[in-house]
Amino acid sequence: MADITISLPDGSQRTLPAGATATTLAQSIGSRLAKAAVAAVVNGAEADLGAPLPDGATVAIITADSDEGRHVLRHSTAHVMAQAVTRLFPGAKYSIGPAINDGFYYDFELPGGRTFTEADLATIEAEMAAIVKADQPFERAELPAAEALEVFAAQPYKREIIERVSTGAADSEDAGEIGSGETISVYRNTPEFVDLCRGPHVPSTGRLGHFKLMKVAGAYWRGNEKGPMLQRIYGTAWDTKAALEEHLHRMEEAEKRDHRKLAVELDLLSFPSQLGGGLAVWHPKGALVRKLMEDYSRQRHIDGDYQFVFTPHLANANLFQTSGHLDFYKDGMYPPMEMDNGTYYPKPMNCPMHCLIFDSRQRSYRELPLRLFELGTVYRYERAGTLHGLMRIRGFTQDDSHIYCREDQLQDEIASLLDFVMSVLRAFGFDEFTANLSTKDPQKYVGDDDIWDRATAALQAALEKYGLAYKVKEGDAAFYGPKIDIDVKDAIGRTWQLSTIQCDFNLPERFALEYVGADGNRHRPIMLHRALFGSVERFFGVLLEHYAGAFPTWLAPVQARVLPVAEGHQAYAEQVLARLAKEGLRADLVEATDQLGRRIRTAKMEKIPYVLVVGDDDVAAGTLGVNPRGGEVERGVAVDAFVQRVHDEVAAQLAMA
RNA sequence: GCCCAGAUAGCUCAGUCGGCAGAGCAUUUCACUCGUAAUGAAAAGGUCGAGGGUUCGAUUCCCUCUCUGGGCUCCA
């Protein structure tokens, strides 16, 4: 038999006997590689390790510790879960089971409408472990559609996919299940379980094992709200036990940082059920932090040449008719109020009102760019199931700005906006940013192609000038104009979409906004929508999770707590407190009715940046014992030195901007 | 809106196979006066989310609603 020649990614070549597989190849390179291998890339396409290699192929081995490798592990684990479910629940229908970030899911329909319980997860996990132990091979087969339909005679969801594929109606949702082409590929592990799948898979189930089933949820078949509701089981799967444990640990950490939990623990705000869903009340400490955020934002806007405006919470329906919100967005608006002189709605947005301000008198080109700013509270009817703490809420405040400018000012304005946005976000402790540029949806847009092109180019040029990494999302723009969204990465690596800069060619048209140009003629301005926090409430929630409740000194509701060691030190403690207050520090005092250790513990749990202990030595010397958050205790610190230190620290935190 | 799971003291939770409701922490009071993450004792604290049904009797079983959590869908 003739040998075959295989090229490796580094350009080198290997000669193997005909019929050799990627497994053979990996073994010939090294036993470590063979052990880590889960699949291969053959001539650019992912393939099973066990598939015979064609002569002259370029082959790369996919190892379990790569993103692609984990993807294969997760997908294979999803198959094992489906097999376990069909064993435990005879008659279960399985639909799709892709790999996702950190894991996988699989959707099922159980006979008689039975649903999975939490307890079922443990049973399924145990069955999966048995399948892994049995080390069943994953065997690939390719079948004509007619035969595949027979194989899946009892599986209507699989049949539906096969039918869609064979009639050419497959879409991206089917892609994980099935490749394109005439034949349908299936994977079989033991005669009892077969699944429709494009692959690749690990050679056998014994290669798997570091997984955990996480939760049960409902999910629509093909994401269609009108379609049947299936039962989805989510799991996580990793290449090593350590990686799995690390992931579970990360999940726990994220849970500890949950802003809803921290908001209660730190007495910042609450969502009383009497108030109604998705509505929050701010307690004094939360309100104080919010005020600090807002004050900082206001000052930056003053420095940035913004003009402050205020607009009411209600508006006549005519306004939203003009703006188009009643046509496009009525479902997201609260129901109308009928009053003697018309119909009124709570505002879902501030922009129409800002347009009225622009339009209140004749505008000159000399006034542009005109930057209007408002911390504007809006009300949106979010569907009950979508509410989520501060992240998705029904009444919230936007740090909303609308900038009216000439087209020739667009690029500079966007570039300076980008600078402004990032500078403000840095002051709040974010330093990793990425952006998305959303471009025209050719099916749905208003305005000339020409202006879309120029505005998109302006956004892109601004991103490049700023040197910000960005992705282009083709066709993702709103109908009224292209936009930039800015994501930040938080302390535990999660990304949050916060700021947005959007061009709008629609509202100036609808409100017939005009300015008088240098040429004496009337021109239509371009409008930019811009929010930095997005929603003050949501931004507060993100900050709370980012800092795990330990706000930096400049934002902490209480910056320092004075603790007299014993009652005899109360008078001196009060003097210290008065001094701190005079210096503009936010400090409080807890009397010595409890033991010192206990009071320190309470202060630490409240995540106060500085605990100041004063006793005999301090009374005598006019000093403090300083116990900083996350630091070592320092004795005998002069009060002046402490005040200076806090001032310097706050200044340094804000200088990050 | 849809699927699933919940709602018991301020918080975290246990419990009642249908018969007077429990713990820890927090709160209040008393004692202790203490130098860096929990001193001790006592008291007080509940329409068992709301409404309806079944029952001699419902916090417990059933129904509806409200709110919450996990998802799905949605987010101009």
Side-chain angles (χ1 to χ4, degrees), chain A residues 105 107 109 113-120 214-234 255 258 260-261 264-265 267 270-279 320 323-333 348-349 351 380-389 391-393 441 444-446 477-481 483 497 502 504 506-507 529 534-535 563-570 591-606 611-619 624-629 631-636:
Chain A
Y105 67 79
D107 289 348
E109 182 186 310
R114 186 187 184 302
T115 55
F116 291 114
T117 64
E118 295 287 320
D120 290 333
M214 305 299 286
K215 56 198 170 197
V216 189
Y220 296 107
W221 168 233
R222 294 176 60 75
N224 175 6
E225 221 182 327
K226 306 277 186 289
M229 175 67 78
L230 305 175
Q231 294 280 307
R232 174 172 299 178
I233 300 179
Y234 283 93
E255 207 173 310
D258 189 313
R260 294 163 299 186
K261 205 177 146 97
V264 174
E265 285 170 9
D267 193 18
S270 57
F271 294 88
S273 57
Q274 301 95 311
L275 190 54
L279 299 167
F320 297 119
S323 69
H325 288 110
L326 275 174
D327 292 333
F328 293 108
Y329 191 61
K330 197 169 182 189
D331 289 347
M333 290 169 65
M349 297 211 159
C351 14
R380 298 185 183 179
Y381 175 71
E382 302 286 359
R383 297 207 285 174
T386 65
L387 299 173
H388 180 86
M391 302 305 178
R392 193 84 176 264
I393 194 170
D441 176 354
K444 195 182 149 200
Y445 70 100
V446 300
F479 71 92
Y480 52 73
K483 64 170 177 177
Q497 199 231 297
Q502 311 188 352
D504 189 339
N506 181 49
L507 283 183
H529 301 254
S535 129
L563 301 178
V565 171
E567 264 171 32
H569 311 116
Q570 175 75 15
E591 292 176 35
T593 46
D594 270 321
Q595 278 189 322
L596 180 64
R598 184 182 193 81
R599 286 176 290 147
I600 289 171
R601 179 169 191 272
T602 306
K604 293 291 179 186
M605 307 244 282
E606 289 176 37
V611 177
L612 306 176
V613 176
V614 294
D616 289 337
D617 299 351
D618 301 297
V619 173
L624 303 165
V626 177
N627 184 339
R629 188 172 62 195
E632 296 292 312
V633 172
E634 301 153 46
R635 293 284 299 269

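Proteins get letters first, then strands, A, B, ... in listed order; numbering begins at 1 in each.
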Could you measure between the two C1' atoms, the one in B:rG46 and the one in B:rC4, and give it in whole Å? 30 Å
Can you tell which of B:rC34, B:rU36, B:rC72 lies closest to the side chain of A:R635? B:rU36
N/O contacts under 3.5 Å, protein versus nucleotides 27-31 of chain B?
none

Between B:rC11 and B:rA7, how far apart are the P atoms? Round to whole Å, please. 14 Å
Base of B:rC74 paired with side chain of A:R392 (donor-acceptor, under 3.5 Å): yes
Produce the list of close N/O pairs, under 3.5 Å, pairing protein atoms with atoms of nucleotides 2-4 of chain B; give distances to one decimal.
unit_1 : atom_1 : unit_2 : atom_2 : d
B:rC2  : O4'    : A:Y220 : OH     : 3.3
B:rC2  : N1     : A:Y220 : OH     : 3.4
B:rC2  : O2     : A:Y220 : OH     : 3.2
B:rC3  : O2'    : A:Q231 : NE2    : 3.3
B:rC3  : O2     : A:G218 : N      : 3.3

Over all strands shown, is A:H388 touching base, sugar-phosphate only, or nothing at heavy-atom distances under 4.0 angstrom? sugar-phosphate
Residue whose closest nucleotide on RNA chain B lies nearer the 5' end, A:R599 versus A:Y234: A:R599
Please produce a list of atom pairs where a protein N or O lies less than 3.5 Å from an N or O of nucleotides 44-50 of chain B.
none

In whole angstroms, how far is the C1' atom of B:rG71 from the CG atom of A:N224? 17 Å
Check whether A:R380 reaches the backbone of A:G332 with its side chain - one donor and one acceptor, N or O, closer than 3.5 Å. no
What's A:G631 touching, base or sugar-phosphate or nothing? Going by heavy atoms closer than 4.0 Å. nothing
C1'-based separation of B:rC32 from B:rG22 [nearest Å]: 30 Å
Over all strands shown, is A:F479 touching base, sugar-phosphate only, or nothing at heavy-atom distances under 4.0 angstrom? sugar-phosphate
Donor-acceptor pair under 3.5 Å, A:R383 side chain vs B:rU73 base: yes
Give one of base, sugar-phosphate or nothing for A:D616, where a contact means two heavy atoms less than 4.0 Å apart. base
Just by modelled atom types, is the A:E255 backbone N or O under 3.5 Å from a matching donor or acceptor in the A:D258 side chain? no
Nucleotide nearest A:A478 (side chain, heavy atoms from C-beta), chosen from B:rA76, B:rU36, B:rG71: B:rA76
Please give, in whole Å, the distance from B:rC74 P to A:I393 CD1? 22 Å
Looking at every strand, decide which applies to A:G615 at a 4.0 Å heavy-atom threshold: base, sugar-phosphate, or nothing. base
May I ask you to decide if A:A477's main-chain N or O and A:D441's side chain share a donor-acceptor pair within less than 3.5 Å? no
To the nearest Å, how far apart are A:L279 CG and B:rC67 P? 9 Å
Using atom P in both nucleotides, what's the gap between B:rC74 and B:rU12 to the nearest angstrom? 33 Å
Ranking B:rA76, B:rU36, B:rU33 by distance to the side chain of A:L596, first place goes to B:rU36
Under the criteria of a ring-centre distance below 5.5 Å and an interplanar angle below 30°, is A:F328 stacked with the base of B:rA76? no
For A:R380, report the nucleic acid contact type (base, sugar-phosphate, nothing); a contact means any heavy atom under 4.0 Å. base
Cation-pi between A:K215 and A:Y234: NZ/CZ under 6.0 Å from ring centre and within 45° of the ring axis? yes
When you check the phosphate oxygens OP1 and OP2 of B:rU39, does a side-chain N or O of A:R601 lie under 4.0 Å from one of them? no
Rounded to whole angstrom, note down the C1' distance from B:rG24 over to B:rU66. 30 Å
Between P on B:rC75 and NZ on A:K330, what's the gap in Å once rounded to a whole number? 18 Å
Could you check whether A:G277 gets within reach of a base, just the sugar-phosphate, or nothing at all, counting any heavy atom under 4.0 Å? sugar-phosphate
Check step by step if side-chain contact (heavy atoms from CB on, under 4.5 Å) holds for A:V613 and A:R599. CA-CA 10 Å; A:V613 176; A:R599 286 176 290 147; over 6 Å; no
Which nucleotide, B:rG70, B:rU33, B:rU36, lies nearest any side-chain atom of A:A592? B:rU33
Provide the Watson-Crick or G-U wobble partner of B:rG51, both distances under 3.5 Å; none if there is no partner. B:rC63
Answer yes or no: does a side-chain N or O of A:Y445 lie under 4.0 Å from OP1 or OP2 of B:rA76? no
Between B:rC25 atom C1' and A:M605 atom CE, what is the distance in whole Å? 9 Å
If you assign A:G278 and A:V264 each to the RNA chain B nucleotide with the nearest heavy atom, which residue ends up on the more 5' nucleotide? A:V264
Hey, what's the ring geometry for A:H529 with A:Y480, parallel, tilted or perpendicular (30° and 60° as the breaks)? tilted
Polar side-chain contact A:D618-B:rG35 base: donor and acceptor under 3.5 Å: yes
Students often get this wrong, so: under 4.0 angstrom with heavy atoms, is A:K604 touching a base, only sugar-phosphate, or nothing? base
According to a strict under-4.0 Å criterion, is A:K215 in side-chain N/O contact with OP1 or OP2 of B:rG71? yes
